[in-house]
Structures are given as C-alpha cells and as structure tokens.
**Student:** 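Next up is a structure, given as structure tokens.
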Amino acid sequence: MNFAIYTISKNEAHNVEAFMKAAEGCPVYVLDTGSTDDTVARLEQHGAHVVQKTINPWRFDTARNEALALVPDDVDVCVSIDMDERLDPGWQDKLREQWSGNIGSYFHIAEWADEACTIPSVQSPRTRLHSRHDYEWHRRIHEVIRPLPSVKMTWCDTDIVVKHYQKGGQRNYDPALKELLDEDPTDADAWLQLAGECHQKSNFGEALDAYRQYLRVIEGDEREVLRYRRAHAWISIAQCLHKLGRNDEVIRAFLSAIAAEPNCREAWTHFSHVALQLGNAPLAYGAAMTAYGIKQPPYHAATEAACWGDLPKQIADHAFGIIMKGDK
C-alpha cells in the first residue's frame with residue numbers, strides 16, 4: 001500500500017522539524033501559499049516536495065485541492081493533516097493494518113487542558129483519510145472532504161491519533177463565515193462555527209443568535225451525530241446565558257441539551273457544575289451522579305476529556321458534602 005501526507009503551509013517554519021519527524025519518512029507534499037520565512041527551505045531540507053502558489057481570492061478548499069493535486073497518481077491513501085498537528089508514532093503500521101475503505105477517520109485531539117499539552121481537553125474523530133482519486137475539498141473555510149460524483153463511500157475508522165499543537169492567537173474567521181452564510185444561509189456547520197468564534201471572543205449575545213440559528217437549520221434531523229451536536233449547542237447556549245446573568249434561562253437550556261441526547265455526559269456534567277454555582281446542591285448531585293453513570297463515550301462526536309474523567313464524581317462529592325452540612 002502506498003500512502004502520502006499532503007498539507008498547506010504559510011510561515012510554518014517553527015513547525016517543520018516536528019511535523020516532518022512525525023511523518024516517519026512518509027512522502028510529504030506541501031502547497032505553500034506565500035511564506036515569508038524559511039518554511040519552504042526547511043521543508044525541502046527535510047525531504048518534502050513543495051510547490052509555491054498564491055491562492056487569490058483565498059479559499060481553503062481551493063488550497064487543499066491544489067495540495068492534493070501534488071500527490072502522485074499511484075498513491076493509495078492520502079493523509080491530510082495541518083502543519084501544527086502531529087501523527088502519533090506507529091501510525092503507518094496502523095494504516096496498513098486497518099485501512100479497508102476509500103474514506104476514513106483518525107482520532108483528533110484538538111485542544112489541551114494544560115499549557116504543556118499533556119492532558120487532552122477536546123477530542124473527536126476527524127475525516128481526513130481518503131483514497132487518492134475519489135474525493136475533493138469543499139467550502140471556502142472550515143473545509144470538508146466530499147466524494148466525487150458517482151463515488152460510493154466505503155468507510156474505515158482507524159485508531160490513528162493526531163495531536164493539534166496550536167501556537168499564537170486564534171485567527172479571525174468571522175468575516176469569511178459570514179460571507180459563506182450570505183451565500184448559503186442553510187449551512188448548519190457555518191452557523192455552528194460562527195457561534196463558536198463569537199463564544200470564544202466572549203461575544204455571548206451574537207453567539208446565542210448563531211447557536212439558535214444552527215438549531216433551526218438542523219431541526220428534525222435525528223441522526224445520532226446530530227443529536228450529540230444539538231446537545232452541545234444547547235450546552236453552549238446555557239454557558240452564554242450564565243455569562244450574561246440570565247440564570248432563569250440557564251436550567252431550561254441544560255434540560256434542552258439533555259432532552260436532545262440523554263446520554264451526553266457533557267450535558268449532565270456542565271449542568272451539575274452550574275447548578276452548584278447557582279446554590280442548588282441537590283440538583284447538582286443528581287446531575288453529576290447521572291453523568292458518572294454514563295460510561296461509554298460516543299466515537300462519532302466531539303468529547304470533553306474532563307467530563308469523561310473524575311470531574312462528575314468530584315462535583316457529586318462536593319454537592320453531597322453541602323447537602324449533609326445543611327441537614328445537620
């Protein structure tokens with residue numbers, strides 16, 4: 001089996017050495033979109049095949065497709081990762097042993113709970129493994145891989161792990177997302193991504209509007225992955241309401257999250273934490289123990305590592321202590 005890594009780059013010199021080391025000698029193809037540092041020289045020094053091209057007007061899907069076009073025709077499986085991501089050792093053996101379709105996922109650790117990046121925070125499967133000739137990228141921002149017309153998708157989940165090590169400030173994707181939504185107001189992912197951008201910047205009112213628009217767009221879609229995403233949207237709505245001091249609405253939002261997906265451990269955990277902050281220890285205890293009783297995380301949805309650890313039990317113990325003091 002032949003496989004190759006492909007990616008895009010711009011001023012990524014600080015990432016080159018670790019990125020290429022994680023590639024473990026696999027062929028690497030890079031479209032550089034305008035670096036002004038020595039990214040290209042360093043990549044070539046480490047054996048990558050690099051082509052420089054300006055994408056104007058800028059679109060992530062165009063850049064990804066140009067990078068994919070660099071991959072030789074005889075490659076069987078393409079691995080798409082970013083320059084600030086690292087494949088865990090042994091990934092090539094796993095790919096040889098586990099690959100059986102024409103599209104697949106690896107396990108992606110997107111965020112960390114500590115500055116040293118040793119404790120995973122947000123993690124989920126990511127669909128960025130695919131056959132060489134059957135797929136292309138779509139969407140100008142937060143791009144996704146889709147099959148070409150007439151291609152039948154055959155799925156393959158792997159336990160390859162990719163870790164994200166972002167440095168520096170978050171890019172401002174709001175304008176591009178708003179342009180995307182002007183073109184297609186039914187793009188659910190764009191609404192969710194815009195909500196997340198606003199939430200991260202503490203623009204809680206705008207975030208609320210975007211989360212609610214997302215929920216309107218996906219209304220009635222009861223696929224399992226959408227139930228979890230709906231629950232997470234309601235969790236975020238509850239968190240925004242709490243930040244805005246609209247505590248009378250917070251509990252209703254958490255109940256909506258739980259109604260969307262009762263097995264979402266994050267919903268019960270965040271509910272218990274906020275209930276404790278609101279001074280309702282019995283409610284916090286019940287929600288935390290319910291969270292603790294959910295043992296199987298979903299593979300197909302993003303998960304928060306803390307919620308799947310001891311945090312629910314810690315909240316329950318703390319709430320129980322408050323209840324017992326009150327009974328004395």
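By convention here, the first residue in the shown sequence is residue 1. As the structure is a computational prediction, the values presented were derived from the model and not from experiment.
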**Student:** side-chain hydrogen bond (donor to acceptor under 3.5 Å, both in side chains): which pairs involve residues 280-290, sequence neighbours left out?
**Tutor:** none
**Student:** Please report, to 0.1 Å, the donor-acceptor pairs under 3.5 Å made by any side chain of residues 244-252, with sequence neighbours excluded.
**Tutor:**
from   : atom 1 : to     : atom 2 : distance (Å)
Arg246 : NE     : Glu249 : OE2    : 2.8
Arg246 : NH2    : Glu249 : OE1    : 3.2
Arg246 : NH2    : Glu249 : OE2    : 3.2
Asn247 : OD1    : His242 : ND1    : 3.1
Arg252 : NH1    : Asp248 : O      : 3.1

**Student:** Looking at residues at least two apart in the chain, or sitting in another chain, which of them share a side-chain hydrogen bond (donor to acceptor under 3.5 Å, both in side chains) with Asp82?
**Tutor:** Arg64
**Student:** Quick one: list whatever passes salt bridge (Lys or Arg N to Asp or Glu O under 4.0 Å) with Glu85, sequence neighbours left out.
**Tutor:** Arg126
**Student:** Name all residues meeting the ring-ring contact (aromatic ring centres under 6.0 Å, His included) criterion together with His142; count only those two or more places apart in sequence or in a different chain, and write none if there are none.
**Tutor:** Tyr173
**Student:** Please check if the distance between the ring centroids of Trp58 and Phe60 is under 6.0 Å.
**Tutor:** yes
**Student:** Residues in side chain to side chain contact (heavy atoms under 4.5 Å, CB included) with Pro185, at least two apart?
**Tutor:** none
**Student:** Could you note down all residue pairs passing ring pair (Phe, Tyr, Trp, His ring centres under 6.0 Å) where residues 73-96 supplies at least one of them, sequence neighbours left out?
**Tutor:** Phe3-Trp91
**Student:** For Tyr165, check side chain to side chain contact (heavy atoms under 4.5 Å, CB included) against everything at least two apart and list the hits.
**Tutor:** Arg86, Trp112, Cys117, Lys163
**Student:** List the residues meeting side chain to side chain contact (heavy atoms under 4.5 Å, CB included) with His49, not counting sequence neighbours, and say none if there are none.
**Tutor:** Tyr29, Val51
**Student:** Just jot down the side-chain hydrogen bond (donor to acceptor under 3.5 Å, both in side chains) partners of Trp155, sequence neighbours excluded, or say none.
**Tutor:** Asp157
**Student:** Which hydrophobic side chains are connected to Tyr228, either touching it within the sub-4.5 Å cutoff or through other members that do?
**Tutor:** none
**Student:** Mind checking salt bridge (Lys or Arg N to Asp or Glu O under 4.0 Å) for Glu66 and listing every partner two or more places apart, or none if nothing turns up?
**Tutor:** Lys53
